[in-house]
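Down below is the structure, laid out as structure tokens.
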There are 2 protein chains.
Amino acid sequence: MATIRDVAKRAGASVSAVSAVLNGGGTQSIRVGAETSARIRDVARQLGYRTNPVARSLVTGRSGAMGLVFPYSSAFIEDNTFSTSVISSVLTTAVNHRWNLMLHTATGDDWNAADSGELIDPRVDGLLLVMPTPHSPLISRCLRERFPCVALVYAPENDEIYAVNSNDHAGGYMATRHLIQLGHRRIAHLEGTPTVATSAPRRQGYRDALEEAGIEIDPSLIHRADFVRHGGYDAMKTLLERPTSQWPTAVFASNDLSAEGAIEAVLESGLRIPQDIAFVGYDDSWRAALLNPPLTSIKMPIYEMGVQATEMLIALIASKEITQRQPVLPISLSVRESCGAQALRS
Amino acid sequence: MATIRDVAKRAGASVSAVSAVLNGGGTQSIRVGAETSARIRDVARQLGYRTNPVARSLVTGRSGAMGLVFPYSSAFIEDNTFSTSVISSVLTTAVNHRWNLMLHTATGDDWNAADSGELIDPRVDGLLLVMPTPHSPLISRCLRERFPCVALVYAPENDEIYAVNSNDHAGGYMATRHLIQLGHRRIAHLEGTPTVATSAPRRQGYRDALEEAGIEIDPSLIHRADFVRHGGYDAMKTLLERPTSQWPTAVFASNDLSAEGAIEAVLESGLRIPQDIAFVGYDDSWRAALLNPPLTSIKMPIYEMGVQATEMLIALIASKEITQRQPVLPISLSVRESCGAQALRS
DNA sequence: TTGAAAGCGCTAACAA
DNA sequence: TTGTTAGCGCTTTCAA
């Protein structure tokens, strides 16, 4: 590979001239004449010269890359449109702004490896953390070391953290209120994993909607499904072991996957959806539309959130003023057949 | 950030000693005593010293990262389980081998930007190209510059290229033969985009299966669907505009998505699947099992292919002997209801 | 077993 | 408008 010195020598110019010409922008204290400039460009093309970004990075302290950190690498195979949307939005936005992307996962079961700080590394100018665990040491560390860092899908514990989130409480509330308005009073909730930050607010939204409607909260209607299919299945089986009179008439699941498992359990029992038990899920994944019956679900604007988080990180790295550190994007309800609203309408 | 010199000074040792201790492996011509070693480690911990990978990279010429190049960034949002599996397998394998991953896309409509060579860059030690366009200049370039490069899902034009692929011809053949064995003679094919390398062999497999069975190939039964949903829908609509007697009794689609669109068109016409028209798709995506009726499909071992490609690239970078440059992994058939085989069986 | 020092390719301050 | 030069933080050769 040709170096900057090769180009300089061959063009009869100095390295700084070459650097100035081939870099262009920046705080150059150097001005190069049109002729020299053209010569340099010419020679560079002849030699197939390409700037070595590693060397540049060492001296500037900037890499032009950001790190995208996923909680675990298997996040992708769980037919999870969430990861897909995140990758897609972040990558597209980064590329549009001419940034590179390094993909990381917090290996192991949690963020231990990541928390050790090995992700704070000059190969990236900042980090985008996807669904970090609550009270993530990595976030504190970034804050402490003044390393640019934005959390995506995260309920920040304090004002200093940069985070893009959607309103999970509103999601739980909207789902539950929708079912209440359809006439349901005995509404079950399939909870997510407690260590995942979205679980608690979704449940709280559920509770608040019930309370607002004057419906007493029945803790025996709340079961953990841990966001997975068989979790939903098992929880539903348990609910159906109760006396018939105590069966829920509706279920709000904390994600589509657990709803899917629960629906399977319901159908196995010969019950009909939504006539016997109505369902609302969360995520509005593409699976939701394909289920039988199609699943009503709360929609998180993941793609838009990814874009915002990426742009916020870029601004943060550029030390730009960030007007809103913790935007919360609105959720919405995708009504399909599983909740019974469409039958009522038609 | 503490540098290696800070550690050396504070530990009363030389930088080379610190380097040797904190690096460990490698071709060190230096041996450090246990005492000094312990002291260095101690000081490093106190100072929170972390090796600067950029500086190391500059001197060693190695980065410990590989680039994963997707054809376009929107590859992800097309609820494409393909991209998901690739990312998942590559990331997991890379992390297991302690490699980092940079994510790239060939911006624009094709590989132009990528082909300019800007991806061949010392920030990565090698490239993994996902579905590069046939005769990709980037591959030639890597070969010419002796830059490690492995193509994934690619039919290599010559022996020099490292590529992991599955047997698309066998896939097309297997799908079609399956339908023939079920008694079908008028089998349509929904073709993929010609510029995508998998399209031609799949179609050729289809043709060969027909020929082998002594069925004349009817070009009017072959329609482009371009791997997208509405492509399949439109193609099927066209096919159904023919006189009833010339309708295909079975369809082999070059991917599940186009099959899905075609199925929609068939159902809209009040026809039944598989009784009136049988279907076989390609990809065996998660959607396949959720469709109504569940779609019989050819399964490509994408995850396994991603693992192999990643490991091959790692071996290539390490200048290890590669016994098989162009492994072709076997496809298989996932039989569900859309082809009618299950009805016959029961 | 250790230390000194050259240099990876580049940027940017400074001098001309 | 241009050239010289001192590093960026590290690895590694060579000499002690």
Side-chain angles (χ1 to χ4, degrees), chain A residues 1-41 43-44 47-65 118 120-125 145, chain B residues 1-41 43-44 47-65 118 120-125 145:
Chain A
M1 275 304 299
T3 75
I4 197 172
R5 260 186 277 267
D6 297 330
V7 176
K9 197 175 296 174
R10 180 103 157 232
S14 70
V15 278
S16 48
V18 177
S19 176
V21 169
L22 266 29
N23 172 9
T27 348
Q28 295 296 330
S29 64
I30 256 195
R31 222 129 288 262
V32 183
E35 239 173 275
T36 324
S37 186
R39 200 154 15 95
I40 287 172
R41 255 182 257 276
V43 171
L47 263 46
Y49 170 79
R50 270 171 276 146
T51 305
N52 182 332
V54 174
R56 168 183 288 169
S57 185
L58 182 60
V59 49
T60 61
R62 288 303 195 80
S63 70
E118 48 184 55
I120 301 180
D121 147 344
R123 275 175 303 196
V124 294
D125 296 334
E145 305 193 14
Chain B
M1 273 305 299
T3 75
I4 197 172
R5 261 187 277 269
D6 298 329
V7 176
K9 197 175 297 174
R10 181 103 156 230
S14 70
V15 276
S16 46
V18 176
S19 176
V21 168
L22 266 29
N23 173 10
T27 349
Q28 295 298 330
S29 64
I30 258 198
R31 222 128 287 263
V32 183
E35 241 173 274
T36 324
S37 186
R39 200 153 17 95
I40 287 171
R41 255 182 256 278
V43 170
L47 262 47
Y49 171 79
R50 269 171 278 148
T51 305
N52 182 333
V54 175
R56 167 183 289 168
S57 185
L58 181 60
V59 50
T60 59
R62 290 301 197 79
S63 70
E118 46 184 57
I120 301 180
D121 146 346
R123 274 176 303 196
V124 294
D125 296 334
E145 305 193 13

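Protein chains get the first letters and strands the later ones, always in sequence-line order, with residue 1 at the start of each.
Between the CZ atom of B/R56 and the P atom of C/dC8 there is a distance of 19 Å, rounded to whole Å. The interatomic distance linking B/R50 (CZ) with D/dC10 (C1') rounds to 16 Å, in whole Å. Note: CZ (A/R62) to C1' (C/dA12) measures 16 Å, nearest angstrom. When rounded to the nearest whole Å, the span between NZ of A/K9 and P of D/dT4 equals 12 Å. Following rounding to the nearest Å, A/D121 (CG) and D/dG9 (P) show an atom-to-atom distance of 14 Å.
Rounded to 10°, the angle separating the first-five-pair axis and the last-five-pair axis of the helix from C/dT1-D/dA16 to C/dA16-D/dT1 equals 40°.
Inter-residue side-chain proximity for A/V54 and B/S63 is flagged as unmet; no heavy-atom pair is nearer than 4.5 Å. Residues A/D121 and B/R50 fail the side-chain proximity criterion, which asks for heavy atoms closer than 4.5 Å. Between B/P122 and A/P53 the shortest side-chain heavy-atom distance falls below 4.5 Å. In this structure, the side chains of A/M1 and A/D6 stay at 4.5 Å or more apart for every pair of heavy atoms.
Positionally, the nearest nucleotide of DNA chain C for B/T36 lies more toward the 5' end than for the other of B/T36 and A/V18.
A salt bridge between B/E118 and B/R123 is absent, with no side-chain N of the basic residue lying under 4.0 Å from a carboxylate O of the acidic one.
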Find every protein N or O atom lying less than 3.5 Å from an N or O atom of nucleotides 5-8 of chain D, and list the pairs.
none

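Looking at A/D125, its side chain does come within 3.5 Å of a backbone N or O of A/G64 through a donor-acceptor pair.
Residues forming a side-chain contact (heavy atoms from CB on, under 4.5 Å) with B/A55 (at least two apart in sequence, or on another chain): A/L58, B/N52.
Of the candidates B/T36, B/V43, B/T51, B/I40, B/V18 forms a side chain to side chain contact (heavy atoms under 4.5 Å, CB included) with just one, namely B/I40.
If you check D/dT11, D/dT4, C/dT11 against the side chain of B/I4, the one that comes closest is D/dT11.
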